[in-house]
Amino acid sequence: MKLDKNTKVYIAGCGGMLGRAVYSYFAKRCIVKATDIDLNIDWLEYADVRDYKSMEESINDFQPELIINLAALTDLEFCENNAENSWLTNALGAENIALISKKLGVPMVYISTAGIVDGEQDVYNDFDAPNPLGTYAKSKYHGEVFVKNYLEKFFVFRAGWMMGGGPKKDKKFINKIYQQIKSGQKELFIVDDKLGTPTYTHSFARGIFKVVETDLYGVYNQVCEGDCSRYEVAVELVDLLGLSDDIKITKVSSDYFKEEYFAPRPASEKLINMKLNARGINFMPHWKEALRDYSKEFNTDLQSS
Ligand SMILES: NC(=O)c1ccc[n+]([C@@H]2O[C@H](COP(=O)([O-])OP(=O)(O)OC[C@H]3O[C@@H](n4cnc5c(N)ncnc54)[C@H](OP(=O)(O)O)[C@@H]3O)[C@@H](O)[C@H]2O)c1
């Protein structure tokens with residue numbers, strides 16, 4: 001489908017890390033209605049993906065030509081402790097939106113996660129079989145299965161370790177490290193036994209837009225190029241912040257954090273964009289290039305504090 005200034009795009013769960021980037025990319029090019037349950041910015045309207053009836057009303061009022069579902073509970077420990085809510089949000093929410101997309105006859109975009117693999121192999125391509133370990137991964141995978149079995153016109157994009165949103169919105173690794181640095185910590189303890197592929201929200205948003213335009217429906221790994229451990233990401237970030245001489249980074253194993261991060265995580269969730277590459281539609285940069293760009297937001301914050 002051609003996406004232009006007259007195309008109506010509905011985005012659910014748009015108030016988070018990825019939502020900022022997707023809204024910013026799409027709203028410049030299309031007519032967007034963005035919703036979430038957390039109304040943290042003025043362009044968001046309220047809609048809860050768990051509630052079929054009100055979701056359908058919110059979408060029908062707008063009559064979109066494309067629906068993007070970003071809504072999820074993304075904190076793995078929260079999901080373990082709140083399993084019912086995770087299933088309702090991540091799985092039933094995706095089902096609800098798929099049913100509405102089907103009724104309206106419009107394509108749907110669903111964001112899945114690299115975390116649906118079990119980590120038994122080193123790298124996963126788009127065709128490798130998922131085997132989700134924890135509640136977050138299981139509920140996200142159910143959403144993926146439902147969308148792809150139920151709809152003809154769908155895109156499932158599997159993302160890796162998300163980077164985006166900056167010091168205020170980023171809920172994940174980069175900001176967790178940054179907040180420790182900002183609070184004056186001089187030694188960071190970082191795991192080196194978890195491997196993955198960082199995924200920059202701004203490149204990911206552009207990727208969604210460009211791939212949707214191709215009409216090549218299906219499931220896609222969409223992560224930054226290259227792969228790494230959490231330790232390597234932390235070393236790179238500290239270097240980009242110009243703090244390599246001031247901060248010591250100590251490698252630890254996942255056991256070190258087993259109380260705090262108790263949800264099961266695969267040892268490797270490295271993805272490769274085999275299908276995007278084969279079709280010549282891989283718009284993702286190398287993770288180091290993406291982190292260089294992203295670190296500017298943290299540099300600015302650090303200098304102003
Ligand atoms: N973060 C990652 O590392 C990562 C990796 C791979 C895939 N993904 C996927 O990428 C998508 C976007 O995630 P993100 O990284 O932007 O996470 P995020 O910052 O947590 O954004 C998700 C948004 O969905 C909202 N939400 C939660 N329950 C909802 C409901 N019932 N109805 C409507 N909205 C609801 C959240 O609100 P609250 O803040 O109130 O919960 C939040 O604003 C998700 O599908 C996620 O599973 C994320």
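As the structure lists them, so they are numbered: ligands from 1, and atoms in each ligand from 1. All of these numbers come straight from a predicted model, not from anything done at the bench.
The shortest N/O to N/O separation between Asp48 and ligand 1 falls below 3.5 Å. Checked against a 3.5 angstrom limit, the closest N/O atoms of Asn69 and ligand 1 fall outside it. Any N or O atom pair closer than 3.5 Å counts here, and Lys172 shares no such pair with ligand 1. Any N or O atom pair closer than 3.5 Å counts here, and Ala114 shares no such pair with ligand 1. By the 3.5 Å distance cut-off applied to N or O atoms, Tyr136 is counted among the residues near ligand 1. Taking only nitrogen or oxygen atoms, main chain and side chain alike, Ala159 does not reach within less than 3.5 Å of ligand 1. An N or O contact shorter than 3.5 Å links Lys171 to ligand 1 by distance. Looking at ligand 1, you won't find any N or O of Leu73 less than 3.5 Å from one of its N or O atoms.
For atom 21 (O) of ligand 1, the nearest non-hydrogen atom of the protein is Gly16 CA, 3.4 Å. Of all protein heavy atoms, the one lying nearest to atom 7 (C) of ligand 1 is Ser112 O, 3.3 Å. At the shortest separation from atom 19 (O) of ligand 1 among protein heavy atoms lies Met17 N, 2.8 Å. Residue, atom and distance of the protein heavy atom nearest to atom 9 (C) of ligand 1 are Ile111 CG2, 3.7 Å. Among protein heavy atoms, atom 35 (C) of ligand 1 sits closest to Ile37 CG1, 3.6 Å. For atom 16 (O) of ligand 1, the nearest protein heavy atom (residue, atom name, distance) is Leu18 N, 2.8 Å. At the top of the distance list for atom 34 (N) of ligand 1, counting protein heavy atoms only, stands Ala71 CB, 3.5 Å. The shortest contact between atom 44 (C) of ligand 1 and any protein heavy atom is with Leu70 O, 3.3 Å.
With a 6.0 Å cutoff to the six-membered ring centre and a 45° limit on the axis angle, Lys148 does not count as a cation-pi contact of Phe154.
For Tyr256 and Phe189, the ring centers are positioned less than 6.0 Å apart. Close placement of the Phe26 and Phe209 rings is indicated, their centers lying within 6.0 Å of each other. In this structure, Tyr23 has its ring center closer than 6.0 angstrom to the ring center of Trp43.
Taking every heavy atom of Lys140 and a limit of under 4.0 angstrom, the matching atoms of ligand 1 come to 44 (C), 45 (O), 46 (C), 47 (O). Of all the atoms in ligand 1, the ones that sit under 4.0 Å from a non-hydrogen atom of Gly15 are 43 (O). For ligand 1, the atoms closer than 4.0 angstrom to any heavy atom of Gly13 are 23 (C), 24 (O), 34 (N). Each of the atoms 3 (O), 5 (C), 6 (C) of ligand 1 lies under 4.0 Å from some heavy atom of Gly160.
Of the charged side-chain nitrogens involved, none lies within less than 4.0 Å of a carboxylate oxygen, so that Glu65 and Lys2 do not count as a salt-bridged pair. For the pair Glu152 and Lys102, the salt-bridge criterion is not met [side-chain N within less than 4.0 Å of a carboxylate O]. Salt-bridge check for Glu57 with Lys53: passed, with a basic side-chain N closer than 4.0 Å to an acidic carboxylate O.
At a heavy-atom cutoff of 4.0 Å, ligand 1 is contacted by no atom of Cys14, backbone or side chain. Contacts of Thr74 with ligand 1, taken as heavy-atom pairs under 4.0 Å, involve the side chain alone. Under 4.0 angstrom from ligand 1, the non-hydrogen atoms of Thr89 all belong to its side chain.
Between Phe257 and Tyr261, the angle of the ring planes goes over 60°, which puts this pair in the perpendicular group of the 30/60° scheme. Taking the six-membered ring where tryptophan is involved, the planes of Tyr200 and His202 are perpendicular, since the angle between them exceeds 60° and thus also 30°. Classification of the Phe204-Phe157 ring pair by plane angle, with boundaries at 30° and 60°, yields perpendicular.
With 3.5 Å as the limit, one finds no donor-acceptor pair spanning the side chains of Asn273 and Gln222.
Closest heavy-atom approach to atom 43 (O) of ligand 1 among the candidates Asp38, Asn85, Asp36: Asp36. Looking at Ala72, Pro198, Ser139, it is Ala72 that brings a heavy atom closest to atom 22 (C) of ligand 1.
Each of Leu271, Thr197, Ile116 was scored for a side chain to side chain contact (heavy atoms under 4.5 Å, CB included) with Tyr124, with one residue passing: Leu271.
Using a 4.0 angstrom heavy-atom cutoff, Ala47 counts as in contact with ligand 1.
Between Val32 and Tyr10, every side-chain heavy-atom pair lies at or beyond the 4.5 Å cut-off. Here the side chains of Asn175 and Lys168 are not in contact, with every heavy-atom distance at 4.5 Å or above.
When atom types are taken as modelled, the side chain of Thr199 and the backbone of Gly160 share a donor-acceptor pair closer than 3.5 angstrom.
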